[in-house]
Amino acid sequence: MNDTFLLLNNILIEKNLVERQISKETTFEDLGLDSLDTINFFFGIEEATGVKIPDSLLVDQEIATVWRLAEWLDVQRRA
Amino acid sequence: MIGLLDLATWVPETTVDNLHEAARHGYKETFVRQKLGILQRPVLGPDQTVADMAVEAVSRLLARHADLREKIQALVIVTQNPDFRLPTTANLVQDRAGLPKTCAAFDLNQGCSGYVYGLAVLSSLMEASAYDYGILVTSENYTRIVNPNDRNTALLFADGASATLLKRNGGAFRLGRFVLGGDGAGGDRLILEAGGSRYPDRTAGGRDGIFMDGRAIFEFSQKVVPGCVDDCLALNGLGRDAVGLYLFHQASRFMLETLRQRLGIAAERLPIDLEKTGNTVSSTIPILIEHLGGLSALAGRNHLLCGFGVGFSWGAVTIFSNGNAAQ
């Protein structure tokens, strides 16, 4: 399984945003995060990876699943 | 040494039901309860001002110390919503509260860090001028400058005031050393452009109300506050366990809970007190202290005060107990 996906999973657990491991198919809608939870999650990602997630991802819902977010992060980190 | 002798607060009787307001903005009740933590917000009436609230708070304070009224040598008012651009609100309050004309009086423009900044400025003035008594007032009226249709800010802010009596060589607590800081690069992340000289045609409130970038404010607080707390503890020669309570600016439940988690502080040592009074900006720390029973109830332990927010601006100070009761 993608290391970045595992990292995101751990951030979600560490911040008490989910109770157990999520799957590759888990969507943001499934997570049911409110706007503040999402800010908290994205801040955790930025701290762990150094990648700032743009507001557009938050607002426009360009990425539907956590797995896709992990893939997007990998691209950013390689850039 | 400058000490904290007593404090009093005042909030408007009129309140807004935040759950009702939340529904209008499309927020769920669970969000209001669990994330904002604010169920009602005291709101100042249209005919009242920051100076009115300040006079109420000072009157409550001096009702318990009538013999000191003529001995007050300095009055500092922390506000970002003065009655007028000039004169200062402190001048108005000095007169209306019956403080002597020998009392130095001036305003200090700070927001959520304002209580700590105000303590630093007033205590420094008292030390430099060998004053025996001074009063620090916080008085804020953000509800009047918020756009009521802005869902980012409409449910957060409330109105209120406080008055804290400082005394040389006395009081339940003596003030320790301060950590103060700021980062103007974040100035446009929480801003009211109307009313200043850059946009003279704009009027505060309505669509020209406060703009707040909640994500930026959250990230700033998470990055800065833990270091500010640690710097303050180190400056005062204290470890984290040597502090009884961490009395933080009451921004929102979400903000405080994430800071608690980040700092590794137990819930009972970092109290959250927003339900009935909301975010009153520079008044949240004194209102929190009063809700905890006042300074005398907190005596016997040392505590840490920390404010942070608009500016960006932040400050912390430890207060050292002088014993078990006010002196």
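Just so it is clear, the structure is predicted and the values come from calculations on it, not from any experiment.
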Go through chain A and chain B and list any donor-acceptor pairs closer than 3.5 Å, backbone and side chains both.
residue: A/Glu14; atom: O; partner: B/Gln261; partner atom: NE2; Å: 2.9
residue: A/Asp34; atom: OD1; partner: B/Lys35; partner atom: NZ; Å: 3.4
residue: A/Asp34; atom: OD2; partner: B/Lys35; partner atom: NZ; Å: 2.6
residue: A/Asp37; atom: OD1; partner: B/Lys35; partner atom: NZ; Å: 2.8
residue: A/Asp37; atom: OD2; partner: B/Lys35; partner atom: NZ; Å: 3.0
residue: A/Glu47; atom: OE1; partner: B/Arg262; partner atom: NH1; Å: 3.0
residue: A/Glu47; atom: OE1; partner: B/Arg262; partner atom: NH2; Å: 3.2
residue: A/Glu47; atom: OE2; partner: B/Arg262; partner atom: NH2; Å: 2.3
residue: A/Lys52; atom: NZ; partner: B/Glu219; partner atom: OE1; Å: 2.7
residue: A/Ile53; atom: O; partner: B/Arg215; partner atom: NH1; Å: 2.8
residue: A/Ile53; atom: O; partner: B/Arg215; partner atom: NH2; Å: 2.7
residue: A/Asp55; atom: OD1; partner: B/Arg215; partner atom: NH1; Å: 2.6

Exercise. Pick one: which of B/Phe254, B/Phe220, B/Phe218 meets ring-ring contact (aromatic ring centres under 6.0 Å, His included) with A/Phe43?
Worked result: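 Answer to the ring-ring contact (aromatic ring centres under 6.0 Å, His included) test with A/Phe43 among B/Phe254, B/Phe220, B/Phe218: B/Phe218.
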
For this session: Provide the full list of salt bridge (charged side-chain N to carboxylate O under 4.0 Å, His left out) pairs with a residue in residues 70-79 of chain A, sequence neighbours left out, each pair given once.
Result: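 Output for this query lists A/Arg68-A/Glu71.
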
